[in-house]
Amino acid sequence: MNFDLIVIGGGAGGFFTAIRLAELHPGARICILEAARKPLSKVEISGGGRCNVTHACYEPQELISFYPRGQKEMLGPFYRFQPSDMIAWFESKGVKLKTESDGRIFPVSNSSSTIINCFMNAINHSGIQLLTSTRVSGWTFEEKNKSWLVTLFDGRTINSKFLLIASGSDQRTWEALKVAGHRIISPVPSLFTFNIRENNLTSLQGISQPNVHLTIPSLKLETSGPLLITHWGMSGPAILKLSAWGARSLYDCGYVFDLQVNWRGEEGADEFRIFLQTMMSENPRRHVNNIVMQDIPARLWKYFCARAGITDELLCSDIRKKQLDVLVDVLCRDTYRVTGKSTFKEEFVTAGGVDLKDIDMRKFESKIQPGLFLVGEVLNIDALTGGFNFQSAWTGAEMAANAIAGQF
C-alpha cells in the first residue's frame, strides 16, 4: 500500500490534518491508522459528551495566555489559524455552533456525535482510508525511495511520502521519537483536582463559590476563579487552572502541599472585617452562624463558623475581637493540606512531549526528520480547559496540511 500521507493516530489532530490535506489537494492518497477500535475517543467525551470544540477568544495575544506550555511558540500559528477559522470550517460543513457565557463553544446539538459525524462524512467524501484496531510498531525513512516505511504489529508494511504523528500522550511513540534524535520533555499530568482529607469540608460536596483566590505559598503559584467542593476535596476551574500552571512543580512535590484559599476572592482581610462588623451590628440578636450572607450558601457559612470555633449559641452582639479575627482568617486565609490528585473526568491532559525546539512551528514539521509532522498532545503543548487543547490541535493540523500540500 502506497500513500501520500500516513497519519498515526485517529484523534482530533490526525483527522483534521487528513481532511484538510484532502481539501487542499484533492486526490491525495491518505490513510489514518488508529490503534483503538473506535477513533476520535477524546472528541466523544469532551465537554461531558457535548464536545467543546474551541473557545470564543479571537485575539492571538490573548489566546496564548491559556497555554502553560507552548505559549510563545503558538503565537505565530494562531495568527494564521485561530478559533474563528475553525468555527468557519465547521459551519461550512453544516455544523451549527453556539457560544456559552463562559466562552466555550459547542455544537448546537449538544452532542459530540455531531462533530464525529462531520469528520467521518468528510473522510468518506474524500476517500481517506481509516484503519482501526491497527497498531504501528515502527517507522523508518528510506532514502532510496524517498518515502516512509511504516511497519504494523501484524508485520504488514505501508509506504508513504509524508508521515504525521498525532498519537497523543503515548510513551511508546515518545521513545521512538527519542531514538530518532528528538528531545522529549518528560510528561507529567495536568488538569487534575486536589484531594483533601477534611471530612467536614467534603461533606459539603456540590457547593461552589463563583470567585475564590488560591495560593500555593511554597511554590509561589496563585490564581482566581470558580471553585467546587467535591467528595474528595476541591475541583472547579480555579483548581484546574492551578494544576495546569503548576503541573511540573506539583509533580515534583508528590502532590502534597498546603493550599491557601481566600473564599472572598480578591477582597482583603481588612475590607472583609469591616463588612463583618457591619453585619454583626445590624443583626445583634441573631446567632453568628445564622447570618444570611448574600454570596455564601448557609451550609458553607455554618462550616466557616465551626472552623473558626464559633459555637451555635454565640450571638452577633457577643462576638469578641479575637473571635472575629479568627473568622476573618478562615474566610480570607483558609489553609488545607492537599495529599494527592484526581484526574479531571476523562479529559486527561499531559504536560510534556516533543520539545518544541525540534519543531518548525510554521509547518509543525520535525527539524530532525524532514517529512515527519507532529500535531496535538505528542508535542509539549497543553492548555487550560475550555476548548483550548482542541484549538492547538486544529491549528497544528492546518499548518501541517498546508505545508504538505505545498510539497506536491
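Sequence positions, counted from 1, serve as the residue numbers for this chain.
We find the CD-OG distance between Glu34 and Ser133 to be 8.5 Å, quoted to the nearest 0.5 Å. Here CZ of Phe106 is found 11.0 Å from CG of Leu97. Values are rounded to the nearest 0.5 Å. Considering SG of Cys31 and CD1 of Ile6, their distance stands at 6.0 Å, rounded to 0.5 Å. Distance check: Gln171 CD to Lys178 NZ gives 8.5 Å after rounding to the nearest 0.5 Å. If you take CG on Leu164 and CG on Leu372, they are separated by 8.0 Å, rounding to the nearest 0.5 Å. The NE2 atom of His182 lies 9.5 Å from the CG atom of Leu379; values are rounded to the nearest 0.5 Å.
Salt bridge status for Lys302 with Asp312: absent, with no side-chain N to carboxylate O gap under 4.0 Å. Salt-bridge annotation for Asp325 and Lys322: absent, with no side-chain N of the basic residue lying under 4.0 Å from a carboxylate O of the acidic one. Taking the charged nitrogens against the carboxylate oxygens, Arg337 and Asp258 do have a contact shorter than 4.0 Å, which makes a salt bridge. Using a 4.0 Å cut-off between charged side-chain N and carboxylate O, Lys38 and Glu44 make a salt bridge. A salt bridge links Asp358 with Arg183: the distance from a Lys NZ or Arg NE/NH1/NH2 to an Asp or Glu carboxylate oxygen falls below 4.0 Å.
The aromatic rings of Phe15 and Phe119 sit tilted, their planes meeting at an angle between 30° and 60°. Ring planes of Phe194 and Phe192: tilted class, angle from 30 to 60°. Phe16 and Trp89 have perpendicular rings, their planes meeting at more than 60° on a 0 to 90° scale where under 30° would count as parallel.
In this structure, the ring of Tyr67 has its center less than 6.0 angstrom from the ring center of Phe78. Checked against the 6.0 Å centroid criterion, the rings of Trp394 and Phe81 do not qualify as a close aromatic pair. Residues Phe388 and Phe66 bring their aromatic ring centres within 6.0 Å.
There is no side-chain donor-acceptor pair under 3.5 Å between Asn159 and Asn145. A donor-acceptor contact closer than 3.5 angstrom links the side chains of Ser169 and Thr350. Under the 3.5 Å distance criterion, with hydrogens and angles disregarded, no donor-acceptor pair is assigned to the side chains of Thr230 and Ser235. In summary, the side chains of Asn289 and Trp301 do not present any donor paired with an acceptor at a separation below 3.5 Å, with no hydrogens or angles considered. Residues Asn110 and Lys98 have side chains that bring a donor and an acceptor to within less than 3.5 angstrom of each other. Side-chain atoms of Asn389 and Lys42 form no donor-acceptor pair, as typed in the model, at a separation below 3.5 Å. Using a 3.5 Å distance cut-off with no hydrogens or angles, the side chains of His55 and Gln391 do not pair a donor with an acceptor. A donor-acceptor contact closer than 3.5 angstrom is absent between the side chains of Gln71 and Ser65. Ser113 and Ser111 share a donor-acceptor pair across their side chains, judged by distance under 3.5 Å alone. Judged by distance alone, the side chains of Asn195 and Ser342 do bring a donor and an acceptor atom under 3.5 Å apart. Side-chain atoms of Thr202 and His231 form no donor-acceptor pair, as typed in the model, at a separation below 3.5 Å. No hydrogens or angles considered: nothing links the side chains of Thr278 and Glu282 as a donor-acceptor pair under 3.5 Å. Side chain to side chain, Thr193 and Trp232 meet the donor-acceptor criterion of an N or O pair below 3.5 Å.
Counting all heavy atoms, side chain and backbone alike, Ala12 lies closest to Leu40 at N-CD2, 4.0 Å.
A distance-only check finds a donor-acceptor pair linking the side chain of Asn121 to the backbone of Asn117 [under 3.5 Å]. Side-chain atoms of Gln82 come within 3.5 Å of backbone atoms of Tyr58 as a donor-acceptor pair (strictly under, hydrogens ignored). In terms of modelled atom types and a separation under 3.5 Å, the side chain of Asn52 and the main chain of Thr54 share a donor-acceptor contact.
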Between Ile165 and Trp139, does the side chain to side chain contact (heavy atoms under 4.5 Å, CB included) criterion hold? Intermediate values first, please.
CA-CA 11 Å; Ile165 297 178; Trp139 59 85; 3.3 Å; yes
Please assess Thr151 against Ser137 for the test side chain to side chain donor-acceptor pair (under 3.5 Å), listing each intermediate value before the final yes or no.
CA-CA 6 Å; Thr151 305; Ser137 64; 5.0 Å; no
One pair to check against side chain to side chain donor-acceptor pair (under 3.5 Å): Ser224 and Glu266. What are the steps and the verdict?
CA-CA 8 Å; Ser224 297; Glu266 304 300 324; 2.5 Å; yes
Side chain to side chain contact (heavy atoms under 4.5 Å, CB included) for Ile184 and Glu175? Distances and angles first, verdict last.
CA-CA 8 Å; Ile184 307 298; Glu175 287 299 326; over 6 Å; no
Would Thr134 and Leu152 satisfy side chain to side chain contact (heavy atoms under 4.5 Å, CB included), going step by step from the backbone distance to the final call?
CA-CA 7 Å; Thr134 304; Leu152 308 182; 3.7 Å; yes
Apply salt bridge (charged side-chain N to carboxylate O under 4.0 Å, His left out) to residues Arg69 and Asp382 and explain how you reach the verdict.
CA-CA 5 Å; Arg69 266 71 50 182; Asp382 67 280; 2.8 Å; yes
Between Phe162 and Trp148, does a ring pair (Phe, Tyr, Trp, His ring centres under 6.0 Å) hold up when you go through it step by step?
CA-CA 7 Å; Phe162 299 102; Trp148 291 92; 9.5 Å; no
Would you sort out whether Glu73 and Lys357 count as a salt bridge (charged side-chain N to carboxylate O under 4.0 Å, His left out), showing the intermediate values?
CA-CA 9 Å; Glu73 294 86 353; Lys357 293 186 180 73; over 6 Å; no
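Counting only heavy atoms from C-beta outward, the side chains of Val354 and Asn380 never approach each other to under 4.5 Å. Taking 4.5 Å as the limit, every side-chain heavy atom of Glu398 sits out of range of all side-chain heavy atoms of Met86. Side-chain contact between Leu374 and Glu365 is absent, with no heavy-atom pair separated by less than 4.5 Å. The closest side-chain heavy-atom distance from Leu75 to Met361 is not below 4.5 Å. Side-chain contact check for Ile128 versus Val7: every heavy-atom pair is 4.5 Å or farther apart. Ile216 is listed as a side-chain neighbour of Ser218, based on a closest heavy-atom distance under 4.5 Å. Ser249 places a side-chain heavy atom less than 4.5 Å from the side chain of Leu221. Asn262 has its side chain out of reach of Arg333: every pair of non-hydrogen atoms, C-beta onward, lies at least 4.5 Å apart.
Figure legend: cation-pi geometry between Lys341 and Tyr251 absent, as NZ or CZ is not positioned both under 6.0 Å from the six-membered ring centre and within 45° of its axis. A cation-pi arrangement is absent between Arg20 and Phe364, since the terminal nitrogen or guanidinium carbon is not both under 6.0 Å from the aromatic centre and inside a 45° cone about the axis.
Environment of NZ in Lys241: crowded, with over 12 heavy atoms of neighbouring residues, nucleotides or ligands closer than 6.0 Å.
Considering only residues two or more places apart in sequence or on other chains, Arg156 meets the side-chain hydrogen bond (donor to acceptor under 3.5 Å, both in side chains) condition with Asp154.
Applying the salt bridge (charged side-chain N to carboxylate O under 4.0 Å, His left out) test to every pair with at least one member in residues 77-96, sequence neighbours left out, gives these pairs: Glu23-Lys93.
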